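Ligands are counted one by one from 1 in listed order, and the atoms in each one are counted from 1 as well. As the structure is a computational prediction, the values presented were derived from the model and not from experiment.
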Amino acid sequence: MSSDPSSTIESVLQESRIFTPAKEVADKARIRSLAEYQEMVDAAMSDPDRFWGDAARKELHWFEPFQSVLDWTNPPFAKWFEGGKTNLSFNCLDRHLENGRADKEALIWEGEPGDVKRFTYRQLHEQVCLAANALKSLGIRKGDMVALYMPMVPEAAIAMLACARIGAPHSVVFGGFSAEALRDRLIDGEAKAVITADGGFRKDKTVPLKNAVDKALENDACPTVTSVLVVRRIKEPVAMKTGRDHWWHELISEQSKDCPAEVMNSEDRLFVLYTSGSTGKPKGVVHTTAGYNLWAHLTFKWIFDIREEDIYWCTADVGWITGHSYIVYGPLSNGATTVMYEGAPRASNPGAFWELIQKHKISIFYTAPTAIRAFMKMGRTVPDQHDMSSLRLLGTVGEPINPEAWMWYRDVIGGGSCPVVDTWWQTETGGVMISPLPGATPTKPGSATLPLPGIEADVVDTKGRSVDPDEGGYLVIRRPWPGMMRTIHGNPKRFRESYWEYLRPSSKEHIYFAGDGARRDKEGYFWVMGRVDDVINVSGHRLGTMEIESALVSHPAVSEAAVVGRKDELKGEGIVAFVTLEIGRAQTDDLVHELISHVGTEIGAIARPDEIRISEALPKTRSGKIMRRILRALASGDEVSGDTSTLEDRSVLDKLRS
Ligand code: PRX
């Protein structure tokens, strides 16, 4: 293969080139060929109970064995491995102390200012036990929700594992969300405690996390929260409320190192993670103990084909599902060495990632297309200055990857020899659903390729009927899988309606609809197109247009708002807001800036619109529905095509155009 990306890109686009796994890769892999993959697929399809049951017995530790594999008598509410007793923290830590990994490095952490901490499995186990006892000392018991609002420090992973250890479900809130967004999530989840830090380092700045927690709790807004545990990170002064706030290091120093893992039922709640949907407030996606553990474990093992000596690094934040499944739980459950990085590449250090790969001899690297596109734009000079020969496998996640970026990743970062795994999945699926297996699956740049064994993915029409090859449709999953979300916290109705009743199959079948559009080619390869609902994907971050609209409308100057996505070369999608003002409010540049920063305060910096267009009116149908199709075209500068006869007032369109 040529190493000149521009020439290879051309040929990929024209020839649909296929990269077959190299013999050296396949020979060493766990799953070595498409035939082996197909055998697993067939086994899972013909006898799913046996397939999943065998995997669960083999891969996880059980205090007591399960009695049944799947109970699907009340769809869409699944129960997996009923009767079984296990603990995720035990599976991630204790069992490795007895299987020869006690002194193996579990976690390597690199701080933004360059400080490094390393934890062997024995040391991580000890820290988790101390933290678990600290939570108990605050009165946290099995079933109590604990929220985390943390920077990327080791204590974030330790706190997650400590919660899992004592059976307290965690709800990690991304540290980039605002105090208001945190408050909503604390209230909805009825959190009893919040674990945070004095602040975090973000690029060249610090983020005052504890201040945001104080703001979220102001005026007793979250009465269920009785304790706040604060990690000292940036060493800036913060207010500590007596009786409520405790320093992590102080409380930990008083604890015993002995904390046996709580014996959990398979279906006991493990965590809630909020994500955006097309309607309403963010929804708390619920995952439970055994099924999630198995899925994070198996997918990590299959896709990254993990080996004892690997040093694995995923650049996500623990505030997202990728951080849960592929920084913390999947790697540790497998006894792997996982790297956690507090920082992000920034203008003052564009080589930060490559330096880390060189320094820690990373062998598996997992990042997002948006990062790859940003690096690609900067050129290959910086990465070429680093020795990245330790890499053997590259992964991407979060949004569709364009073939040019895929090729650049493979050539420039992977030196032309590392397989690239493009992994499609969601918060709701718990773990990866569609992805190549590095030793088995021939890859096509831009395609997530084939579903994992046991996953019956399909592309269908609105009635749930499979569409023909190369025809676009809705991406669905036809059977339950262990890592599937169990419900939406506090709203089972919304769970049923948004995922299982959106499409209207004529059969009695229960089909999971992911919210994405896709096409399947003649070889059965999946090409995910992106969301078909009112969710936009900005740099791999999922945002509901309605959340941003509500934030805008909460500003006193705004009467109405409609938000749409627009293609963005770097971020995947950008945010464009159309806004009408209250009578008497003048349109000024200052107001536009104020509105943008208002969205930042209400939700977080990731939701700030790229552009706000103020207009007299929004295009609506006679029944008052905003015609987003028109706004999307206007936002992208495209011709407004299709039927506009349902517009109530056609002059609105002309005004918006001008
Ligand atoms: O639209 C798909 C996109 O990200 C959505 C899920 O977002 P979230 O729950 O935040 O999880 C992100 C990390 C798993 C999906 O509905 N998406 C994720 N991975 C891919 C993708 N789109 C295309 N290709 C992918 N590999």
Side-chain angles (χ1 to χ4, degrees), residues 172-174 176-177 271-278 282-287 292 295-296 299-300 303 314-327 329-330 366-373 394-403 405-406 409 420-436 443-452 455 457 459 474-477 483-485 488 498-499 502 512-520 525-545 547 565 571-573 606-607:
V172 186
V173 180
F174 173 56
F177 278 126
F271 66 82
V272 172
L273 185 58
Y274 285 84
T275 191
S276 299
S278 42
K283 44 199 178 188
V285 170
V286 173
H287 283 289
Y292 171 82
W295 197 227
T299 51
F300 182 78
I303 295 163
C314 164
T315 66
D317 189 288
V318 290
W320 311 114
I321 190 69
T322 311
H324 284 55
S325 302
Y326 301 112
I327 295 179
Y329 294 129
Y366 191 30
T367 195
T370 188
I372 299 168
R373 287 193 295 265
L394 302 173
T396 91
V397 58
E399 48 181 317
I401 180 161
N402 39 319
W406 193 103
Y409 195 32
V420 175
V421 291
D422 172 2
T423 62
W424 176 85
W425 61 296
Q426 315 176 290
T427 308
E428 292 87 338
T429 67
V432 176
M433 303 292 278
I434 304 180
S435 167
T443 48
K444 303 182 187 182
S447 167
T449 75
L450 301 168
L452 294 178
I455 301 304
V459 179
Y474 300 100
L475 179 54
V476 298
I477 312 293
M484 64 198 280
M485 75 185 284
I488 293 175
S498 10
Y499 300 101
Y502 185 90
Y512 170 84
F513 171 52
D516 282 327
R519 119 186 124 76
R520 210 173 174 181
Y525 275 46
F526 284 80
W527 299 78
V528 179
M529 311 301 206
R531 305 290 305 195
V532 294
D533 51 9
D534 291 323
V535 168
I536 43 187
N537 190 330
V538 182
S539 302
H541 300 315
R542 200 168 138 178
L543 293 161
T545 50
E547 282 166 77
K571 298 193 286 187
E573 276 186 289
I606 49 171

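Rounded to the nearest 0.5 angstrom, Ser435 OG and Ile455 CD1 are separated by 12.0 Å.
Put simply, the side chain of Arg542 does not reach to within 4.5 Å of the side chain of Asn537, judged on heavy atoms. Residues Trp527 and Pro400 form no side-chain contact, since every pair of their non-hydrogen atoms from C-beta on lies 4.5 Å or further apart. For the pair Val432 and Trp424, the minimum side-chain heavy-atom distance is 4.5 Å or more. Taking the side chain as every heavy atom from C-beta outward, Tyr326 and Trp425 approach each other to under 4.5 Å. Counting heavy atoms from C-beta on, the side chains of Ile434 and Leu475 come closer than 4.5 Å. In this structure, Met484 and Ile477 have side chains that are not in contact, with every pair of non-hydrogen atoms separated by 4.5 Å or more.
Proximity of Pro400 to ligand 1, defined as any heavy-atom pair under 4.0 Å, is shared by backbone and side chain alike. Heavy atoms of Thr423 found under 4.0 angstrom from ligand 1 belong exclusively to the backbone.
Minimum heavy-atom separation, Asp422 to Ile401: OD2-CG2, 3.4 Å.
Considering backbone and side-chain atoms together, Asp422 places an N or O closer than 3.5 Å to an N or O of ligand 1. Distances between N or O atoms of Gln426 and those of ligand 1 include at least one value under 3.5 Å. Any N or O atom pair closer than 3.5 Å counts here, and Gly398 shares at least one such pair with ligand 1. The shortest N/O to N/O separation between Arg542 and ligand 1 falls below 3.5 Å.
At least one heavy atom of Trp425 sits less than 4.0 Å from an atom of ligand 1.
Ligand 1 places these atoms under 4.0 Å from at least one heavy atom of Val528: 22 (N), 23 (C). Using a 4.0 Å cut-off to heavy atoms of Asn537, the atoms of ligand 1 that qualify are 3 (C), 4 (O). In summary, the atoms of ligand 1 found under 4.0 Å from a heavy atom of Val397, numbered by their order in the structure, are 13 (C), 14 (C).
Residue nearest to atom 9 (O) of ligand 1, selected from Asp516, Thr427, Leu475: Thr427 (by heavy-atom distance).
Without hydrogens or angle criteria, Glu399 side chain to Thr370 main chain gives a donor-acceptor distance under 3.5 Å.
Distance from atom 13 (C) of ligand 1 to its nearest protein heavy atom, with residue and atom name: Thr322 OG1, 3.4 Å. For atom 25 (C) of ligand 1, the nearest protein heavy atom (residue, atom name, distance) is Glu399 O, 3.5 Å.
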